[in-house]
Protein chains: 2
Amino acid sequence: MSRKPVERGDLPPLLAEVFRKHGYEGASLALISEATGLGKGSLYNFFPGGKEEMAAAVLADVDAWFEGNVFAPLRDKADAETAISGMLDAVDAYFRSGRRICLVGAFALDDARSRFAERIRGYFASWVDALAAALARAGRKDAAALAEEAVSLIQGAIVLSRALGDTGTFDRTIRGLRKRLTARRQA
Amino acid sequence: MSRKPVERGDLPPLLAEVFRKHGYEGASLALISEATGLGKGSLYNFFPGGKEEMAAAVLADVDAWFEGNVFAPLRDKADAETAISGMLDAVDAYFRSGRRICLVGAFALDDARSRFAERIRGYFASWVDALAAALARAGRKDAAALAEEAVSLIQGAIVLSRALGDTGTFDRTIRGLRKRLTARRQA
DNA sequence: TCCAATTTGTACTAAACGGTACAAATTGGA
DNA sequence: TCCAATTTGTACCGTTTAGTACAAATTGGA
């Protein structure tokens, strides 16, 4: 019977929730310890670089998830229309109608940005570029501008949904994008 | 010759920059003291409630600026088209092509939201409602949805511009909105 | 000029912070 | 079973935190 020793790889999702909830500065080691059930000894064993390394691991984990579930399909799927629709499904599920924030977006706004600038830039650049590629494959001439706008809109919808305490805002945004991005002919 | 005694009313803009740069948690009294040139004695004299009262004063100040320069014109100006165009001018100048973040939006994402939920909600509700009113006056049938989308887009453009380190994203967004929101006939 | 009210700087808490040290416990392969 | 390597909890470090206390300086009206 295999027990469940905690592995470093299990931690990023737990850490992510702490950073999402409290931000980089607000995520104290006490909160992290509580969320993971791990003492400082274990945490510094897994992440000798402390909080900064934990956040870096979380960002890498998020990035990897989006690369596998969102960016790569957008770039590679033969059928651009279903790739784009799939992106919207994945994004809707991931952000839970705006109840869950985008950690990378939040880091872009606060001063965690200075620590993780390149990772943050890379995440959004990949997203925009992958979506633009899919839109171009679908025959849209305004692919780059449309992709940039779509990603902006998703990020803004998260902000607005949370601010208004209304998941409807996010849901309407996703529905609107589905129409706009998968229109048969270009705008 | 009138000297320049520091008044409480002078402080919110200075405090705002500290909160913008470091977030609510990251804005320590040491940083605030440095940014204002005021010691703790003075700060607690003006804001007996400490950091929370300072942040509340900043939010009230921001809210008042938008109410006067953005929301009220959108609601009251006879010419809806120029009111909307004026909003975009004001927003562009205020956020400086995305180099300056929206403090209210940033608070909506981090856990400052729990302290200032109602203020944050009110700010965005006022914005969306005022813009919707102007759009309706301009004869748009999709006014409410369009207003919600426009505010989302602005917020998202701030996130994306900063993440990519590219003010072009914000500028393109404003230009796109100007076209879309002031189109003579509805979409 | 005078004096009460306001404003300010400094010293001071007590708690929380990130991080370190390190011995004890636990683990898994041989 | 044994033992080296890993994992863990706890005590501790110096620093920084928000906030308080309060006397000294400054102010503006009378």
Side-chain angles (χ1 to χ4, degrees), chain A residues 1-61 103 106-107 110-116, chain B residues 1-59 103 106-107 110-116:
Chain A
M1 60 191 91
S2 72
R3 254 141 320 121
K4 190 64 184 18
V6 176
E7 288 177 29
R8 196 192 126 117
D10 303 332
L11 295 175
L14 298 174
L15 298 173
E17 290 311 311
V18 183
F19 285 117
R20 262 188 255 271
K21 199 166 194 169
H22 302 282
Y24 182 79
E25 292 292 336
S28 69
L29 288 184
L31 288 169
I32 292 170
S33 192
E34 189 189 0
T36 57
L38 261 42
K40 289 190 182 186
S42 308
L43 291 172
Y44 274 87
N45 177 44
F46 291 132
F47 306 99
K51 206 161 89 158
E52 178 151 355
E53 190 176 341
M54 298 179 207
V58 168
L59 286 177
D61 190 61
L103 190 61
F107 275 16
D110 85 33
D111 67 346
R113 187 180 68 128
S114 55
R115 297 169 185 267
F116 308 112
Chain B
M1 61 191 93
S2 72
R3 252 142 319 122
K4 190 67 187 11
V6 177
E7 288 178 27
R8 198 193 124 119
D10 303 331
L11 295 176
L14 297 174
L15 297 173
E17 290 312 310
V18 182
F19 284 117
R20 262 188 255 272
K21 198 166 195 169
H22 303 281
Y24 182 79
E25 293 292 336
S28 69
L29 288 185
L31 288 169
I32 291 170
S33 191
E34 188 190 1
T36 58
L38 261 43
K40 289 192 183 184
S42 307
L43 290 171
Y44 275 88
N45 177 43
F46 291 131
F47 305 99
K51 204 161 89 160
E52 178 151 355
E53 191 177 340
M54 297 179 208
V58 168
L59 286 177
L103 190 61
F107 276 15
D110 84 34
D111 67 346
R113 188 180 67 128
S114 55
R115 297 169 185 266
F116 308 110

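Just so we're on the same page: letters track the sequence lines, and every chain starts at 1.
- One interatomic measurement links the two molecules: CG of B/Leu38 to P of D/dA18, which rounds to 16 Å at whole-angstrom precision.
- Taking atom CG of A/Leu29 as the reference point, atom C1' of D/dC12 lies 15 Å away to the nearest angstrom.
- Rounded to whole Å, atom P of C/dC17 lies 7 Å from atom CG of A/Leu31.
- Within the structure, every side-chain polar atom (N or O) of B/Ser42 is placed at least 4.0 Å from both OP1 and OP2 of C/dT7.
- Put simply, NE2 on B/His22 and CG on A/Asp110 are 10.5 Å apart, with the number rounded to the nearest 0.5 Å.
- Checking D/dT7, D/dT17, C/dG19 against the side-chain heavy atoms of B/Ser28 singles out D/dT17 as nearest.
- Here A/Tyr24 contributes atom OH and A/Phe116 contributes atom CZ; the two are 4.5 Å apart, rounded to the nearest 0.5 Å.
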Checklist entry - Can you list the steps and then say if A/Arg8 with A/Glu53 is a salt bridge (Lys or Arg N to Asp or Glu O under 4.0 Å)? => result CA-CA 12 Å; A/Arg8 196 192 126 117; A/Glu53 190 176 341; 3.3 Å; yes
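- The nearest heavy atom of DNA chain C to A/Gly41 and to A/Tyr24 marks one nucleotide each, and the one closer to the 5' end goes with A/Tyr24.
- Taking atom NZ of B/Lys51 as the reference point, atom C1' of D/dT16 lies 12 Å away to the nearest angstrom.
- When each of A/Ala27 and B/Asn45 is assigned the nucleotide of DNA chain C bearing its nearest heavy atom, the one mapping closer to the 5' terminus is B/Asn45.
- The nearest whole Å value for the distance from the NE2 atom in A/His22 to the P atom in C/dC17 is 11 Å.
- A/Leu43 contributes atom CG, which lies 4.5 Å from atom CE of A/Met54 (distance to the nearest 0.5 angstrom).
- The CG atom of B/Leu43 sits 9 Å away from the P atom of C/dG9 (whole-angstrom rounding).
- Base pairing of C/dC3 is made with D/dG28, judged by Watson-Crick or G-U wobble geometry with both donor-acceptor distances under 3.5 Å.
- Judged by atom type and distance alone, A/Lys40 reaches the base of C/dG19 through a side-chain donor-acceptor pair under 3.5 Å.
- The side chain of B/Tyr44 lies closest to D/dT20, out of D/dT8, C/dC17, D/dT20.
- Per the geometry, CZ belonging to A/Arg8 stands 14 Å off P belonging to D/dT8, to the nearest Å.
- Spacing between atom CZ of B/Phe46 and atom C1' of D/dT20 amounts to 18 Å, rounded to whole angstrom units.
- In this structure, A/Glu25 and B/Gly26 approach most closely via the heavy-atom pair CG-CA, 3.9 Å.
- Under the Watson-Crick and G-U wobble criteria, each requiring two contacts below 3.5 Å, nucleotide D/dT20 is paired to C/dA11.
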